[in-house]
K.L.:
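Below: one structure in structure tokens.
Letters go in sequence order (proteins before strands), and every chain restarts at 1.
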Number of protein chains: 2
Amino acid sequence: MTKKEELLQAAQNRVREGGYNNFSFRELAKEVGIKSASVHYHFPTKADLGAELAKQYTNNFILALGDVKTLHNAGNNPIAVFVAQFKQALHHDQKMCLCGLLGAEADILPQPVRTEIKRFFSQNLAWLEQAYLYHEPTNKLQAKQSAIKTISLLEGAMMISIASQDNSIFDSAIAGLADH
Amino acid sequence: MTKKEELLQAAQNRVREGGYNNFSFRELAKEVGIKSASVHYHFPTKADLGAELAKQYTNNFILALGDVKTLHNAGNNPIAVFVAQFKQALHHDQKMCLCGLLGAEADILPQPVRTEIKRFFSQNLAWLEQAYLYHEPTNKLQAKQSAIKTISLLEGAMMISIASQDNSIFDSAIAGLADH
DNA sequence: CCAACACTGCCTATCAGTAGATAGTTTAAT
DNA sequence: ATTAAACTATCTACTGATAGGCAGTGTTGG
């Protein structure tokens, strides 16, 4: 892993714990073993780092989901796949969704970061909408609404589980979500 | 409104926009027209201010909901009341739920603040559980799960609406929630 | 083949601004 | 005379950012 990648990874952990203001160039530098001035070589400003962080997070997230049509044709329920990916993010890392936390504080984000956060949700909603269209008989409007309900439930459940330090809240929230 | 109340109000606005790290004693002092050192007279430390902020927010929130039994007996659907209060928080202030945002960054909060955030959710879940028990034929376990699903959906929908700068997302998410 | 050059990735040193917090003082009301 | 609520002045620590240096790694023209 390059220093640049290490910096992004360190930043991701900190942002997922405490938001955009919870990391500094000095802390990241210390963690990866370089000086804070050198971080500016890789990312000219903090906003640049934040924007690239959100961009890569979104891209990796969508990539890991896979293709809706492919999943469906292989006999997998894409909605279950989506839910499982959120569950993994919580149970494995014990941290918030990066874009969930940043989304909540969107008002104070530099615009390039905010743009990437918006993209995360528009892309995930589009993915989920397709998932509902493939998986159950419905129309576009209904599928859109189901997509919104599903991702809202997941982000909210994640948040409350972390606030309450109780992952069983998340499990209760998603019970029966991807059945039938 | 006393200076202390003004400080709490100013802090609330800032926290609901960008989390715990998004306010400083200097900014609050400037906004209410005193010096930053004077803020320490009212709140010895930042953690004290944060804890009192979360405490009052929770108390006011529960108080505004009213009594489940009273609502039910007056022919009102308590679940609809709960949903309406979240909708109001979003549409009126165009800001996140204070405890929602703070809950997401619970890992970095001073313990007294974190304790208050936990209380917000345990109290709201208890209120909602009662609401479901009163409003529809169910058992305690089902009511608990419904409570978790409902508050998760509301907090998540709020978050995504703010991230996307689109309140219609919230409205879609709650469509049909408090019917029948 | 090799000297000149440029690029990469880091460094030191430093800046102005802001953070939370403290000690001690003034002002005004009780 | 006491107390509440503000003040001035100051501290140490940290913030993002900049200027400029330096070693290593090509890369290229004579």
K.L.:
Reading DNA chain D from 5' to 3', where do the contacts with chain A start and stop? Cut-off is 4.0 Å to heavy atoms.
P.N.:
D:dT15 to D:dT18
K.L.:
Identify, between B:Lys46 and A:Tyr41, the residue whose nearest nucleotide on DNA chain C lies closer to the 5' end.
P.N.:
A:Tyr41
K.L.:
Could you tell me whether A:Asp171 and A:Lys87 have a side-chain N and a carboxylate O separated by less than 4.0 Å?
P.N.:
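Yes.
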K.L.:
Taking the side chain as everything from C-beta on, heavy atoms only, tell me whether A:Glu155 gets closer than 4.5 Å to B:Glu155.
P.N.:
no
K.L.:
Hey, is B:Lys30 close enough to B:Glu27 for a salt bridge, meaning N to O under 4.0 Å?
P.N.:
no
K.L.:
Look at B:Lys144 together with B:Glu129 and state whether they make a salt bridge at an N to O cut-off of under 4.0 Å.
P.N.:
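Result for this pair is yes, salt bridge flagged.
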K.L.:
Can you name the one residue among A:Phe120, A:Phe61, A:Phe82 that meets ring pair (Phe, Tyr, Trp, His ring centres under 6.0 Å) with A:Trp127?
P.N.:
A:Phe82
K.L.:
With a cut-off of less than 4.0 Å, is there a side-chain N or O of B:His40 near OP1 or OP2 of C:dA23?
P.N.:
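B:His40 to C:dA23 OP1/OP2: no side-chain N or O under 4.0 Å.
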K.L.:
When you check the side-chain N and O atoms of A:Lys118 and B:Gln165, is any donor under 3.5 Å from an acceptor?
P.N.:
yes
K.L.:
Identify whether NZ of Lys or CZ of Arg in A:Lys46 sits under 6.0 Å from the centre of the six-membered ring of A:Phe23 and within 45° of that ring's axis.
P.N.:
yes
K.L.:
Counting heavy atoms from C-beta on, name the nucleotide in C:dC11, C:dA21, C:dC15 closest to the side chain of A:Ile34.
P.N.:
C:dC11
K.L.:
Please determine if B:Arg14 and B:Glu17 form a salt bridge, counting it only when a charged side-chain N lies under 4.0 Å from a carboxylate O.
P.N.:
no
K.L.:
Could you check how far NZ of B:Lys35 sits from C1' of C:dG20, rounded to whole Å?
P.N.:
17 Å
K.L.:
Just the rounded figure in Å: distance from P of C:dA21 to CZ of B:Arg26.
P.N.:
11 Å
K.L.:
How would you label the contact of A:Phe25 with the nucleic acid (heavy atoms, under 4.0 Å): base, sugar-phosphate, or nothing?
P.N.:
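Sugar-phosphate contact only.
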K.L.:
Name every residue in residues 1-21 of chain A that has at least one heavy atom under 4.0 Å from any atom of DNA chain D, in order of residue number, or write none if there are no such residues.
P.N.:
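Residues of residues 1-21 of chain A under 4.0 Å from DNA chain D: none.
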K.L.:
Just checking B:Ser38: base, sugar-phosphate only, or nothing, at a heavy-atom cut-off of under 4.0 Å?
P.N.:
base
K.L.:
Can you hop from B:Ile108 to A:Leu101 via hydrophobic side chains spaced under 4.5 Å?
P.N.:
no
K.L.:
When you compare the side chains of A:Gln56 and A:Glu52, does any donor N or O come within less than 3.5 Å of an acceptor on the partner?
P.N.:
yes
K.L.:
May I ask you to say what A:Phe23 touches in the nucleic acid, namely base, sugar-phosphate or nothing, with a heavy-atom cut-off under 4.0 Å?
P.N.:
sugar-phosphate
K.L.:
Quick one: bend of the helix from C:dC1-D:dG30 to C:dT30-D:dA1 from 5 pairs per end, to 10°?
P.N.:
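The value is 10°.
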K.L.:
With clusters defined by side-chain heavy atoms of hydrophobic residues (ILVMFWY) lying less than 4.5 Å apart, directly or transitively, does A:Ile62 cluster with A:Leu154?
P.N.:
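Yes, A:Leu154 and A:Ile62 fall within the same hydrophobic cluster.
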